[in-house]
Participant: 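What follows is a structure written as structure tokens; I'll ask about it next.
As a basis for the values below, the full set of heavy atoms in this structure was taken, side chains included, without hydrogen atoms, waters or symmetry mates. Letters go in sequence order (proteins before strands), and every chain restarts at 1.
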There are 2 protein chains.
Amino acid sequence: MWSIDEVLEKLKSRGYKLTGQRKAIIEKLCGRKDHPTAEQLYSELQKSHPAISFATIYSTVQLLAEMGFLQILTIDDKKTHFDPTPETHAHFFCQRCGLLEDIDMSQEERDTLKRLSKYRARSMQVYLYGLCHECDKK
Amino acid sequence: MWSIDEVLEKLKSRGYKLTGQRKAIIEKLCGRKDHPTAEQLYSELQKSHPAISFATIYSTVQLLAEMGFLQILTIDDKKTHFDPTPETHAHFFCQRCGLLEDIDMSQEERDTLKRLSKYRARSMQVYLYGLCHECDKK
DNA sequence: AATTACCTTTAAATAGTTATAAATTAAGTA
DNA sequence: TACTTAATTTATAACTATTTAAAGGTAATT
């Protein structure tokens with residue numbers, strides 16, 4: 001995982017400006033284990049930044065993804081989720097309630113998968129779909 | 001892979017009607033190795049069914065997915081692709097040109113992945129992202 | 001041929017995301 | 001500190017893929 005300062009430094013070193021909005025978004029993401037959507041970040045940021053816009057959120061998050069600090073997940077076809085943990089791992093998605101959980105994967109497993117293609121894979125996603133325990137009961 | 005008749009029978013056995021549109025869509029998908037979008041199916045069906053609608057395409061494809069005849073891929077965040085090969089395998093997506101290719105995976109590999117989660121996985125997707133050979137040159 | 005429930009079409013709505021242009025601001029410089 | 005400039009943010013509108021609702025059409029059974 002990364003620290004706020006680490007991200008800010010990299011932004012600066014690449015010539016990006018350290019704006020209040022960027023800092024706020026980075027702080028909101030730092031250390032999180034869940035997978036917020038743009039909507040979620042937007043509403044969480046209302047208190048500190050009532051005027052923040054979706055455009056800023058989307059562009060910042062994209063920047064962070066390009067710099068390798070987060071992953072953009074398309075596991076949920078309704079909306080995009082952001083994962084502040086950049087290291088490759090798998091995800092489980094409950095098709096009933098939308099629960100989205102991390103799943104560990106060994107380095108060996110990751111390497112094996114990345115080598116499956118004849119092209120060089122920059123990144124990878126492993127998505128498992130099903131029902132969580134709660135939803136399976138019903 | 002499945003045959004047209006196989007799909008029609010299953011539809012019938014589940015009480016669904018065998019309409020001309022459904023048959024046409026199933027025929028268009030049968031045996032395909034690519035991953036058409038709704039748009040693509042729509043335009044390909046214009047000749048034989050000039051009045052077909054997106055609503056029909058989306059609902060039929062969803063039906064086929066529920067019955068296990070195709071997979072709905074969210075590898076491309078711009079649009080959904082349909083994969084008429086229902087057996088689990090991986091996919092590669094070129095982030096520059098959009099090339100979308102199948103990748104084989106051993107049964108063993110599939111089982112290992114599906115067992116990673118504490119929940120029972122009904123289905124799984126493995127997406128590799130990068131540049132195809134063409135795009136990598138530039 | 002008549003019936004009926006299901007299906008397709010049309011049209012409009014929805015929702016997530018992106019583009020544009022004007023206003024703001026970070027950061028370097030005098 | 002004030003000034004300058006280019007990057008960034010905001011507000012708004014646009015866009016696009018997908019879904020929904022209502023009305024008419026049709027497959028399958030009688």
Participant: Classify the side-chain pair His35(A)/Asp76(A) by whether it contains a donor and acceptor separated by less than 3.5 Å.
Facilitator: no

Participant: Verify whether one side chain among His81(A) and Asp34(A) offers a donor that lies under 3.5 Å from an acceptor in the other.
Facilitator: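 There is no such pair between these side chains.
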
Participant: Name the nucleic acid region contacted by Thr37(A), choosing base, sugar-phosphate or nothing; use a 4.0 angstrom heavy-atom cut-off, strictly under.
Facilitator: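 Here Thr37(A) touches no strand at all.
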
Participant: Among the candidates dT10(D), dT17(C), dT19(D), find the nucleotide nearest to the side-chain atoms of Ser53(A).
Facilitator: dT10(D)

Participant: Closest-nucleotide mapping onto DNA chain D: is Gly20(B) or His81(B) further toward the 5' terminus? I mean the 5' end.
Facilitator: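 Checking each residue's closest nucleotide, the 5'-ward one belongs to His81(B).
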
Participant: Whole angstrom is fine here: how far is it from CG in Leu11(A) over to C1' in dT25(C)?
Facilitator: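 Atom CG in Leu11(A) sits about 16 Å away from atom C1' in dT25(C).
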
Participant: Check the angle between the aromatic planes of Phe54(B) and Tyr42(B) and answer parallel, tilted or perpendicular using the 30° and 60° thresholds.
Facilitator: parallel

Participant: Looking only at side-chain N and O atoms, does Thr19(A) come under 4.0 Å of OP1 or OP2 in dT9(D)?
Facilitator: yes

Participant: So, is Gln21(A) near the phosphate of dA26(C), with a side-chain N or O under 4.0 Å from OP1 or OP2?
Facilitator: no

Participant: Using atom OH of Tyr58(B) as one end and atom C1' of dT9(C) as the other, report the distance to the nearest whole Å.
Facilitator: 16 Å

Participant: What integer distance in Å separates Leu63(B):CG from dT19(D):C1'?
Facilitator: 16 Å

Participant: Does atom CD of Glu134(A) have more than 12 heavy-atom neighbours, drawn from other residues, nucleotides or ligands, at distances under 6.0 Å?
Facilitator: no

Participant: What is the distance from CZ of Arg22(B) to C1' of dA27(D), rounded to the nearest Å?
Facilitator: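 Computing the Arg22(B):CZ to dA27(D):C1' distance gives 10 Å.
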
Participant: Select one nucleotide: of dT10(D), dT19(D), dT18(C), the one nearest the side-chain heavy atoms of Thr56(A).
Facilitator: dT10(D)

Participant: Over how many whole Å does the gap from Phe54(A) atom CZ to dA13(D) atom C1' extend?
Facilitator: 16 Å

Participant: Identify whether any heavy atom of Lys17(A) sits under 4.0 Å from a base atom; if not, whether one sits that close to sugar-phosphate; answer base, sugar-phosphate or nothing.
Facilitator: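 It contacts base atoms.
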
Participant: Which part of the nucleic acid does Ala51(A) contact within heavy-atom distance under 4.0 Å: base, sugar-phosphate only, or nothing?
Facilitator: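 Result for Ala51(A) = sugar-phosphate.
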
Participant: Once you round it to whole Å, what is the distance between C1' of dT18(C) and CD of Gln62(A)?
Facilitator: 10 Å

Participant: Please answer: with hydrophobic residues joined when any side-chain heavy atoms are less than 4.5 Å apart, are Ile52(A) and Val61(A) in the same cluster?
Facilitator: yes

Participant: Is there a side-chain polar atom (N or O) of Ser59(A) under 4.0 Å from OP1 or OP2 of dT8(D)?
Facilitator: no

Participant: Find the distance Asp77(B):CG to dT18(D):P and express it as a whole number of Å.
Facilitator: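 Taking CG of Asp77(B) and P of dT18(D), I get 11 Å after rounding.
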
Participant: For the pair made of NZ in Lys78(B) and P in dT17(C), what is the distance, rounded to whole Å?
Facilitator: 9 Å

